[in-house]
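Right, one structure below, let's go through it.
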Amino acid sequence: MEGTLTARDKVGVQDFVLLDAYTSESAFLENLRKRFRENLIYTYIGTLLVSVNPYQELGIYTASQMELYQGVNFFELPPHVYAIADNAYRMMCSELNNHFILISGESGAGKTEASKKILQYFAVTCPMTESLQIARDRLLLSIPILEAFGNAKTPRNDNSSRFGKYMDIQFDFQGIPVGGHIISYLIEKSRVVYQNHGERNFHIFYQLLAGGEVERLASLGLEQDPQLYKYLSQGHCARESPINDRNDWKTVSNAFSVIDFTEADLENLFGIIASVLHLGNICFKEDKQGCASVPDTHEIKWIAKLLGVCPAVLLEALTHRKIEAKTEEVICPLTVELSVYARDAMAKAVYGRTFTWLVNKINSSLVNKDFTQKTVIGLLDIYGFEVFDKNGFEQFCINYCNEKLQQLLIERTLKAEQAEYESEGIEWEPVQYFNNKIICDLVEERHRGIMSILDEECIRPGPATDLSFLERLEEKVGKHAHFQTRKLAGPKGWKRIGWLEFRLLHYAGEVTYSTKGFLEKNNDLLYRHLKEVLCGSKNSILRECFLVAELENRRRPPTVGTQFKNSLSSLLELLISKEPSYIRCIKPNERKEPSKFDDFLISHQIKYLGLMEHLRVRRAGFAYRRKYEHFLQRYKSLCPDTWPHWHGPPGEGVERLIKYIGYQPQDYKLGKTKIFIRFPRTLFATEDAFEFSKHQLVSRIQATYKGCLRRREYVRKRQAATKLEAHWRGALARREIKRRRWAVRIIRRFVKGFINRDKPLCPDNEEFVVLVRKNYILNLRYHVPKSVLDKSWLRPPGILENASNLLRKLCVRNLVRKYCRGVSAERKAMMQQKVVTSEIFKGKKAGYADSLSQPFASSRLGVSTSSLSDGILVLHVSPGDKQQKGDAILQCEHIFEVATKLAMLIKKEHAVRVVQGSLQFYISPGKEGTIVFETGEEDQVYKDKNGQLTVVSAGKKT
């Protein structure tokens, strides 16, 4: 718990005892708000747990959470309902005494859910055997059955418990749950016949209609629509409710199958439930004599069938009343109003006693046959203090119950405080607190209390009314300081108290009660005639609920108030014999919305739950107390003498520690085994100092630990590197020796092959020969001749002479073939010309050898002639040849023949060019001349003034 104090500004304190302003309700509310905002719904007041309903799933009820709280010191972990359950269980096992957990709060505050979580915790964490698993399952499955028959929807809660419940869980000496027992208190029978707007009847009615099989409903005379039944439709929300009745019916049916309910039991039970619905649909009409009659007996017949009674007798009992006068009986007809009362009284009596039978049936299935001594943990799920706009008899009984429980809580808390002080040798300082015994006496005092006055008014002769009851109260208790009526309050109280109302000043504040219906609800009488009918029922459950012995007993049965007071006294005696734990449940808002915090509503509940009074009592002495061992273990780092280890007695270590810190004498007391700190601020200062010291210590530890980790990592890496290097060097050495051995083998084979190279191929020289061949072939590819004229060739080894010659021939042939394939037709013709030239000039003419390398041109000549009839022919020689002296100009009579043969000779048809007017020719390289062709009287050739050669032709153009 101390670990969260550093975050107290954000999430508040886990224990209200540690509030500085513990008397301030606003400080209390603000701490609750901080925690609720952070989804921290649990807070302690000492050992009392305050629980705020979150109206959402928070994921804090998992199996891992149960394991976390199992066997842990109460204040070691954050507040939780599991901590309350585990603490009670451990104390029970260690001290072998009985415990109880009291759960109270308004409707919708989460009381039922809290009791479920506690039962689930015991079911999961307690040791279990297969033979006892059935008892555990029955204990858990009894909850949905009781909820179905005892819970209902109200405007404030969809699953509101309408009865008080005390459940004993029995454990053997090993701490194994072996059985249980349930006691119910004051079930709200009036809900059976009437519901306010926005409310429903008990769940079982709707579950039966929604989930029951068609055959079952038909056998009960029921239909699925709840609107058809008066007892289910008065709240106008039978179908609007978000409750899934069909699924809930499956859960209840499964629970019935696990618990000892036979088919006959279920048939009789559902027959009773159906008969109640049929009762509500009976309509009475007034006959001519002013008496009640039933025009339609359809519902009467179904009720008679389901309950196993005679229809005529039942009808008579509902419309008539039997009055006994000494030795004779008189049957008087009832009015419609009294018949309705009789009908509703029968429905309430039947349902109320059936619920009691149901609880007894569940108890019989939970009973443990082993009669050895057992310890128990009791769960008391009881209604909290109720204050409505209109408060009636039920609120009066409930608030009286809470007065008694508050009295028990304060007394047990003071007693526990005083016992702890005495055991620790610390002087007890008397605590001033509001003792609500005066209010309890006002309600329950014999002959003078409100309950006694109410009973007297119910049984006195003459007409008794709610007003006469109020007058008797004013007469008997009018002078009591905590009682007021309109008459006693005077003019100041007229606006706040009605004529039929009285006000009580409870421990939680003022509550005004309306006396309307007090007498009727306290009497809760069932006419004798109806009781006789029910005693004669063939329904086995009703026979157990309505015994014939009741008819023989002429004494008036105890009133509801007396029964409740007696059962409450029995409950308190039971609780006083056990060690207590308390859970106070708070509803954060009326709309059941998550994360919404209604200050006014919560402040109202804080007041009516008596939380401020309990806190004041708890803080009257010391705000904080811890065993020396735990205190020293947590804060020993704040003192050099106690850090890191204290070897002496823990008490001396704590004393030296607090002196070093600087505690003032008025701030603390040292007991025999515990240190008591008076003010929260002293603890907060200690915790803040510890937090600062913890950060320094953690930093030092982290630095040392990180250094250790780095050194450890360095050593590990160095060892790994050394090992890796050794392995790598070994691998390299093995690889090197392997390579050398291979080299030796190769060299040895090479030398041996070289020695035997000239011998025929054999194993001794085979590899050498292959190597030589390979190397020669590989080297030869770089020395292959590139042309036919290249006569070079790589010299072969002796053993490859033949192969080399063959390869050379192949190469030459390949080169020749390639050369021949690459020769064009022109090239071939030129080479043929070279052959002809060789035949003509080889050995005969000088300079022939030099001309061999010079290829013949395809044509070195060009022929030009004019378009006239002259015989001039110009032979053009290639101008690029500098050795030529110029073009040749010829005159020939057979010009056509010569030109044609020249064209055929050079194989170019376009080599002869016919020009008109003039043509150009080269006189010498780089020097040009011009020949002008003209027509005249006679043929002549001459050179004109311009140096041009002029050719005159006497003929016409050809």
Could you list the residues that satisfy salt bridge (charged side-chain N to carboxylate O under 4.0 Å, His left out) with K607, not counting sequence neighbours? none

Out of R162, K153, R191, which one pairs with E199 under the salt bridge (charged side-chain N to carboxylate O under 4.0 Å, His left out) rule? R191

May I ask you to test the K165-S184 pair for a side-chain heavy-atom distance under 4.5 Å? no

Is there a side-chain contact between R200 and Y206 in this structure, where contact means two heavy atoms from C-beta onward sitting under 4.5 Å apart? yes

Enumerate donor-acceptor pairs with a distance under 3.5 Å from any side-chain N or O in residues 566-574 to protein atoms, sequence neighbours excluded.
unit_1, atom_1, unit_2, atom_2, d
N566, ND2, T562, O, 3.2
S567, OG, Q563, O, 3.1
S567, OG, F564, O, 2.8
S569, OG, K565, O, 3.0
S570, OG, N566, O, 3.1

Yes or no on ring-ring contact (aromatic ring centres under 6.0 Å, His included) for Y61 and Y121, after CA distance, side-chain angles and deciding distance? CA-CA 9 Å; Y61 303 108; Y121 179 82; over 10 Å; no

Once ring pair (Phe, Tyr, Trp, His ring centres under 6.0 Å) is applied, what residue pairs with a partner in residues 139-167 remain, sequence neighbours excluded? F163-F355

Say you draw a straight line from NE2 of H604 to CD1 of I606; how long is it, rounded to the nearest 0.5 Å? 11.0 Å

Does atom NZ of K674 have more than 12 heavy-atom neighbours, drawn from other residues, nucleotides or ligands, at distances under 6.0 Å? yes

Salt-bridge criterion met for K116 and E147 (N-O under 4.0 Å): yes

Check the angle between the aromatic planes of F100 and Y582 and answer parallel, tilted or perpendicular using the 30° and 60° thresholds. perpendicular

Y69 and H80 aromatic ring geometry - parallel, tilted or perpendicular at 30°/60° bounds: tilted

